[in-house]
Amino acid sequence: MPNKLSTYHAGELAVQAQAGVQAEAARLTKIIGANISSTARDFLDTQRLAIASTIDRHGKVWASLLVGKPGFVEVVAEQLVQIQTTTVSTDLLLENLSIHDDIGILIIDLATRRRLRINGKAMVQPNGYIDVRTQQVYFNCPKYIQVRDLVANSDRQAAVTEVYSYTALTPAQQQWITQADTFFIASFHPQSGADASHRGGYPGFVQVLNATELVFPDYTGNNMFNTLGNIAQYSQIGLLFVDFVYGHTLQLTGTANIIWDTNRIAQFIGAESLVEFQIDRVIETINATNLSWEFAEYSPYNPK
């Protein structure tokens, strides 16, 4: 039987019921555990990209980009990993973890469409490395991941990092979002902790309603509804858009609302529900990473 940290909370159960997938979701609890399997260890040994979900002093949720050398998320013990990464000095990651120790990590290989979620409790070490005591570890399906290859010799000479903060999207940022085929989403539940996940589709699947409001579809996934379940009970989320060519990032934090209205959903082919997102703050970081990825192909699961 899964332990209590591996079962669904009330928000996840409510969304599963709304979608009519309780039986399917119940069967999936067996894939969730606190221990890091040998398969997960082997996967982590080669990875260079991860997304972290953390909570700031005001209860806002942020998604942060993490990169490093192969294996920078290192398995130390069955329920302990150490993240050996550096983030830009202005990123809120370390500050947030000094206030709330909840962390959700998505380690993703864009070239192979494999992704691993690790959720748990974090402690920042004096050298800046992050120790994470794992509570939930499980692989996700490959749906909606666009294939991107890490460019050979892509460790370009580090350029100057510039950071800009806004309370609304600029026209250029709005265009960035409408052209995006991928973003990452961070969410939180007061009892179950932080979580980071992936969203993908053809460019335009995220719609900019105005300078402070977005709407995006939720496509058929693994039926766990971890993200929507968190939103159902804690509406604060964070979004992260990555410029995979030049290494820039766009971090948004704000409030989400799930839409089940069939008339509105019908405007998004393949959507089971929609998420409306009201932006509170925007952070754009130029040259957040010196890594770059080359686009290869869209996911065959993307709704046409």
Side-chain angles (χ1 to χ4, degrees), residues 8-21 25 51 53-55 59-63 104 106 115 117 140-141 143-146 168-169 173-174 176-190 192 194-242 250-282 299 301-303:
Y8 303 117
H9 61 65
E12 292 165 328
L13 293 172
V15 176
Q16 291 163 10
Q18 175 74 38
V21 295
I51 312 300
S53 171
T54 59
I55 301 87
K60 299 293 184 182
V61 181
W62 292 89
L106 175 72
R115 50 179 163 167
R117 281 158 105 148
N140 274 152
C141 71
K143 287 183 177 180
Y144 317 116
I145 298 176
Q146 328 311 339
L169 296 169
Q173 291 165 350
Q174 293 180 45
W176 178 347
I177 290 171
T178 57
Q179 294 176 344
D181 58 42
T182 297
F183 71 91
F184 302 96
I185 183 167
S187 61
F188 174 71
H189 186 273
S192 296
D195 182 75
S197 190
H198 162 279
R199 292 292 185 272
Y202 286 117
F205 84 110
V206 183
Q207 292 189 6
V208 178
L209 302 181
N210 54 60
T212 59
E213 192 173 9
L214 312 177
V215 62
F216 54 87
D218 195 78
Y219 298 138
T220 303
N222 57 21
N223 292 323
M224 292 181 176
F225 290 107
N226 305 121
T227 300
L228 292 195
N230 286 349
I231 293 173
Q233 296 204 317
Y234 192 87
S235 61
Q236 300 298 316
I237 65 171
L239 305 185
L240 172 68
F241 293 85
V242 179
L250 191 63
Q251 294 170 280
L252 315 178
T253 191
T255 305
N257 177 50
I258 305 170
I259 300 172
W260 297 102
D261 182 276
T262 54
N263 291 327
R264 292 198 62 186
I265 295 172
Q267 301 173 34
F268 292 77
I269 296 173
E272 291 191 321
S273 62
L274 305 178
V275 176
E276 275 187 335
F277 179 61
Q278 189 70 37
I279 297 168
D280 293 328
R281 188 178 170 197
V282 179
S299 169
Y301 292 97
N302 291 348

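Here the structure is a predicted model, which means the values were calculated and not measured. One is the number of the first residue; the rest follow in order along the sequence.
Taking all atoms of both residues into account, the shortest heavy-atom contact from Thr182 to Phe241 is O-CD2, 3.9 Å.
For Asp218, the side-chain hydrogen bond (donor to acceptor under 3.5 Å, both in side chains) criterion is met by Arg199, not counting sequence neighbours. Taking the side chain to side chain contact (heavy atoms under 4.5 Å, CB included) definition, one finds that Gln236 meets it with Lys60, Val61, Tyr234, Thr255, Asp280, sequence neighbours left out. Under the rule for a side chain to side chain contact (heavy atoms under 4.5 Å, CB included), the partners of Ala168 that lie at least two apart in sequence or sit in another chain are Ala211, Thr212. Evaluation of the side-chain hydrogen bond (donor to acceptor under 3.5 Å, both in side chains) rule for Ser53 yields no partner, not counting sequence neighbours. Qualifying side chain to side chain contact (heavy atoms under 4.5 Å, CB included) partners for Ala25, counting only residues two or more places apart in sequence or in other chains: Tyr8, Gln16. Annotation: ring-ring contact (aromatic ring centres under 6.0 Å, His included) contacts of Tyr301 (sequence neighbours excluded): none. Residues forming a side-chain hydrogen bond (donor to acceptor under 3.5 Å, both in side chains) with Thr253 (at least two apart in sequence, or on another chain): none. Evaluation of the salt bridge (charged side-chain N to carboxylate O under 4.0 Å, His left out) rule for Arg281 yields no partner, not counting sequence neighbours. Partners of Asn140 by side chain to side chain contact (heavy atoms under 4.5 Å, CB included), not counting sequence neighbours, listed by chain and number: Arg115, Arg117, Tyr138, Asn222. For Phe277, the ring-ring contact (aromatic ring centres under 6.0 Å, His included) criterion is met by no residue, not counting sequence neighbours.
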Pairs under 3.5 angstrom only: tabulate donor-acceptor contacts from the side chains of residues 265-276 to other protein residues two or more places apart or in another chain.
from: Glu272; atom 1: OE2; to: Thr220; atom 2: OG1; distance (Å): 3.3
from: Glu276; atom 1: OE2; to: Arg264; atom 2: NH1; distance (Å): 2.8
from: Glu276; atom 1: OE2; to: Arg264; atom 2: NH2; distance (Å): 3.1

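Ring to ring, Tyr219 and Tyr144 are close: their centroids are under 6.0 angstrom apart.
Under the 4.5 Å side-chain criterion, counting only non-hydrogen atoms from C-beta, Leu169 is in contact with Val282. Within the 4.5 Å cutoff, side-chain heavy atoms of Thr227 are placed close to those of Asp195. Within the 4.5 Å cutoff, no side-chain heavy atoms of Phe183 are placed close to those of Val242.
The list of salt bridge (Lys or Arg N to Asp or Glu O under 4.0 Å) pairs with a residue in residues 222-239, not counting sequence neighbours, is empty.
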